[in-house]
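Report on the following structure.
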Amino acid sequence: MVLHPDVPLHSALFTKITAAMLLTVVVVVVVALVVHRCMMRRCTSTRSLAGMTAIVTGASAGIGKETAKDLAKRGARVILACRNQTKAQLVADYIISVTGNKNVVVCLLDTSDLSSVRSFAEEVLKTEGAIHILVNNAGIGGKEIQEITCDGFDLTMATNYYGHFLLTNLLLKRLKESAPSRVVNVSSLAHFFVWRLNLKDLNFKKRSYSLLKAYSQSKLCNILFSLELAEKLRGSGVVVNSLHPGTINSEFVRDEMVMSWWRKPFLLFARIMLRLLGKDSELGAQTTIHLAVSEEVEGVTGKYFDECKEATSSWLAQNSGLAKALWEITEADVQLAPSEIFY
Ligand SMILES: NC(=O)c1ccc[n+]([C@@H]2O[C@H](COP(=O)([O-])OP(=O)(O)OC[C@H]3O[C@@H](n4cnc5c(N)ncnc54)[C@H](OP(=O)(O)O)[C@@H]3O)[C@@H](O)[C@H]2O)c1
Ligand SMILES: *[C@@H]1O[C@H](CO)[C@@H](O)[C@H](O)[C@H]1NC(C)=O
């Protein structure tokens with residue numbers, strides 16, 4: 001710095017401005033935290049699930065783990081549908097130890113792989129006489145560089161959407177037999193980021209790919225799927241709803257999402273923001289639990305929820321013609337056989 005007679009004055013001013021800015025940031029963060037806290041709602045239902053069976057996909061971490069724990073606490077038989085046996089078994093042991101419910105089991109499922117979905121469904125249909133609750137929760141934020149799965153799908157679309165589409169269809173027969181039953185789809189506010197759904201290129205093969213585009217599109221498809229399935233199942237006693245869980249400090253932001261060093265700081269920033277502003281996973285599971293168990297939403301179907309209340313999804317997500325078209329394309333993409341159709 002160049003020496004100057006009024007440097008002390010300048011630096012005093014500078015310190016004041018810096019302090020004012022810091023104070024503003026602190027105030028904004030605190031206000032945001034307080035507002036966020038006040039808006040958080042919990043599932044208030046005390047309903048018992050004794051004698052009922054629930055499946056939770058992606059129950060080895062975050063929202064899925066807390067959802068599974070709550071359902072187990074209510075006495076349900078809970079199947080943790082997870083891709084990592086070791087990690088899932090540790091969670092099962094933990095849930096058994098804190099709830100005292102020994103009826104918690106792991107069954108392997110990789111939602112990004114259609115053959116894994118088919119063998120999971122086969123196994124579960126063999127062992128489970130009834131399925132009352134299916135929580136389609138497993139999901140990834142995606143990766144900076146696109147990956148294509150063995151079935152030829154975009155990895156994010158496969159994990160968050162295609163796998164659950166097939167899974168739900170394969171379990172539909174049992175869900176119907178077990179009615180009243182419920183399908184809960186964990187979507188995201190991110191679905192609002194999609195302006196136009198390109199049905200001809202759902203897997204980003206002909207257009208440019210980005211992590212955010214793939215993630216938000218997969219979450220839009222979740223809602224549209226729910227909408228169309230709800231329509232198809234009207235009167236069957238099976239209800240289907242989707243939700244945004246909130247901003248949750250789970251394991252969602254993962255190292256593998258980003259490869260380039262210059263983007264790594266964004267991951268760190270995202271983690272810090274989630275830490276500061278996000279809800280913990282136990283709170284993050286409340287809307288999912290509400291839709292899975294609460295008497296308040298009995299018979300409600302084809303709706304979108306946020307903070308345990310019905311909310312408005314995007315304009316695209318409410319387009320029933322689009323939902324129908326997407327359903328038909330997806331059905332062909334996952335090669336749903338006539339013997340696998342139960343709607
Ligand atoms: N966190 C948020 O702020 C937020 C906001 C909106 C929506 N969501 C949605 O909430 C859902 C749960 O996310 P979370 O925040 O709880 O994240 P998380 O802590 O990362 O948990 C994700 C779960 O999904 C599992 N999973 C990922 N890929 C899978 C696959 N191919 N097959 C089977 N399971 C798989 C993970 O298994 P492993 O343990 O083996 O990795 C884990 O159990 C996701 O659908 C996400 O899109 C989250
Ligand atoms: C599975 O989970 C275990 C325990 O958390 C972890 O050590 C292991 O790396 C995981 N495996 C894979 C393939 O992610």
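Residues take their numbers from the sequence shown, with the count starting at 1. As the structure lists them, so they are numbered: ligands from 1, and atoms in each ligand from 1. Please read all numbers here as calculations on a predicted model, not as lab measurements.
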Within-cut-off N or O pair, I63 and ligand 1, under 3.5 Å: yes
Closest protein heavy atom to atom 25 (C) of ligand 1, given as residue, atom name and distance to 0.1 Å: G58 CA, 3.7 Å
At under 4.0 Å between heavy atoms, is it the side chain or the backbone of T159 that contacts ligand 1, or both, or neither? side chain
Give me the nearest non-hydrogen protein atom to atom 40 (O) of ligand 1 as residue plus atom name, then the distance to 0.1 Å. R83 NE, 3.1 Å
Would you kindly say whether N169 and E340 are connected by a side-chain donor-acceptor distance under 3.5 Å? no
In terms of heavy-atom contacts, does CD of Q335 have more than 12 from other residues, nucleotides or ligands at under 6.0 Å? no
Regarding S187 and N222, is there a side-chain donor-to-acceptor distance under 3.5 Å anywhere? no
Counting only heavy atoms, which portion of K65 has something under 4.0 Å from ligand 1: side chain, backbone, both, or neither? neither
Write out the residue and atom name of the closest protein heavy atom to atom 47 (O) of ligand 1, then the distance separating them to 0.1 Å. Y215 OH, 2.6 Å
Heteroatom distance test (G64, ligand 1): nitrogen or oxygen, under 3.5 angstrom: no
In Å and rounded to the nearest 0.5 Å, what is the CD to CG distance from E144 to L212? 13.0 Å
Counting each atom of ligand 1 from 1 as listed, which ones have a heavy atom of S112 under 4.0 Å away? 31 (N)
Nearest 0.5 Å please: distance from the CG atom of L224 over to the CG atom of L326. 6.0 Å
Does an N or O from K219, backbone or side chain, lie closer than 3.5 Å to an N or O of ligand 1? yes
Does CE in M259 sit with more than 12 non-hydrogen atoms of other residues, nucleotides or ligands closer than 6.0 Å? no
Tell me whether P245 reaches ligand 1 (any heavy atom closer than 4.0 angstrom to a ligand atom). yes
For ligand 1, the portion of A81 having any non-hydrogen atom under 4.0 Å away: neither
of all protein heavy atoms, closest to atom 20 (O) of ligand 1 is R254 NH2, 2.9 Å
Checking side chain to side chain contact (heavy atoms under 4.5 Å, CB included) between V183 and each of T168, I133, T301, which is the one that passes? T168
Identify, by atom number and element, the atoms of ligand 1 in contact range of I140, meaning under 4.0 Å from any of its heavy atoms. 27 (C), 28 (N)
Please tell me whether L316 and F225 are part of a single hydrophobic cluster in this structure, the criterion being side-chain heavy atoms less than 4.5 Å apart. yes
Kindly indicate whether the side chain of I79, heavy atoms from C-beta on, has any atom under 4.5 Å from the side chain of T53. yes
Taking atom 14 (P) of ligand 1 as the point of reference, which of G62, G142, S250 owns the nearest heavy atom? S250
Heavy-atom distances under 4.0 Å decide this one: backbone, side chain, both or neither, for N137 against ligand 1? both
Under a 4.0 angstrom heavy-atom cut-off, which atoms of ligand 1 come close to T247? 3 (O)
Which of the atoms in ligand 1, numbered in the order shown and given with their element, are less than 4.0 Å from a heavy-atom of L109? 32 (N), 33 (C)
Any N/O pair N160/ligand 1 closer than 3.5 Å: no
More than 12 non-hydrogen atoms from neighbouring residues, nucleotides or ligands closer than 6.0 Å to NZ on K303, yes or no? no
Roughly how far, to the nearest 0.5 Å, is CD1 of I131 from OG of S181? 9.0 Å
Between L171 and V124, is there a side-chain heavy-atom distance shorter than 4.5 Å? yes
So among V29, L23, V28, which one has a side chain to side chain contact (heavy atoms under 4.5 Å, CB included) with V25? V29
What do the steps show when you test I223 against N185 for side chain to side chain contact (heavy atoms under 4.5 Å, CB included), and what is the final call? CA-CA 8 Å; I223 306 180; N185 272 338; over 6 Å; no
For ligand 1, which atoms, with element, lie under 4.0 Å from some heavy atom of D110? 30 (C), 31 (N), 32 (N)
Do R207's NZ or CZ and the ring of F204 fall within the cation-pi criteria of under 6.0 Å and 45°? yes
Below 3.5 Å, N or O to N or O, backbone or side chain included: is there any such pair between K87 and ligand 1? yes
Among I248, L108, V56, closest by heavy atom to atom 2 (C) of ligand 1 is I248
Decide whether an N or O pair under 3.5 Å exists between N84 and ligand 1. no
Atoms in ligand 1 with a heavy atom of A61 nearer than 4.0 Å: 19 (O), 21 (O), 42 (C), 43 (O)
Would S188 count as being in polar contact with ligand 1, using the rule that some N or O on each side must be under 3.5 angstrom apart? no
Quick one: table the atom pairs, ligand 2 N or O against protein N or O, below 3.5 Å, distance rounded to 0.1 Å.
from, atom 1, to, atom 2, distance (Å)
ligand 2, 2 (O), N84, OD1, 3.2
ligand 2, 2 (O), N84, ND2, 2.4
ligand 2, 11 (N), N84, ND2, 2.8

For atom 9 (C) of ligand 1, which protein heavy atom lies nearest, and how many Å away is it? V186 CG1, 3.7 Å
Looking only at protein heavy atoms, what sits closest to atom 37 (O) of ligand 1 is S60 OG, 3.3 Å
Top protein contact for atom 7 (C) of ligand 1, by heavy-atom distance: S187 O, 3.2 Å
Out of G246, G139, S281, G278, whose heavy atom sits nearest atom 4 (C) of ligand 1? G246
Criterion salt bridge (charged side-chain N to carboxylate O under 4.0 Å, His left out) on D201 and K205, from CA distance to verdict: CA-CA 6 Å; D201 187 23; K205 290 183 173 164; over 6 Å; no
Could you tell me whether W315 and F192 have their ring centroids closer than 6.0 angstrom? no
Both conditions, 6.0 Å and 45 degrees, for the charged tip of K65 above the ring of Y94: are they met here? yes
May I ask you to decide whether E307 forms a salt bridge with R41, counting only side-chain N to carboxylate O separations under 4.0 Å? no
re atom 32 (N) of ligand 1, the protein heavy-atom contact at minimum distance is T111 N, 3.0 Å
Donor-acceptor pairs under 3.5 Å, side chain of residues 85-92 to any protein atom, not counting sequence neighbours: which ones?
from, atom 1, to, atom 2, distance (Å)
K87, NZ, E251, OE1, 2.8
Q89, NE2, D93, OD1, 3.0

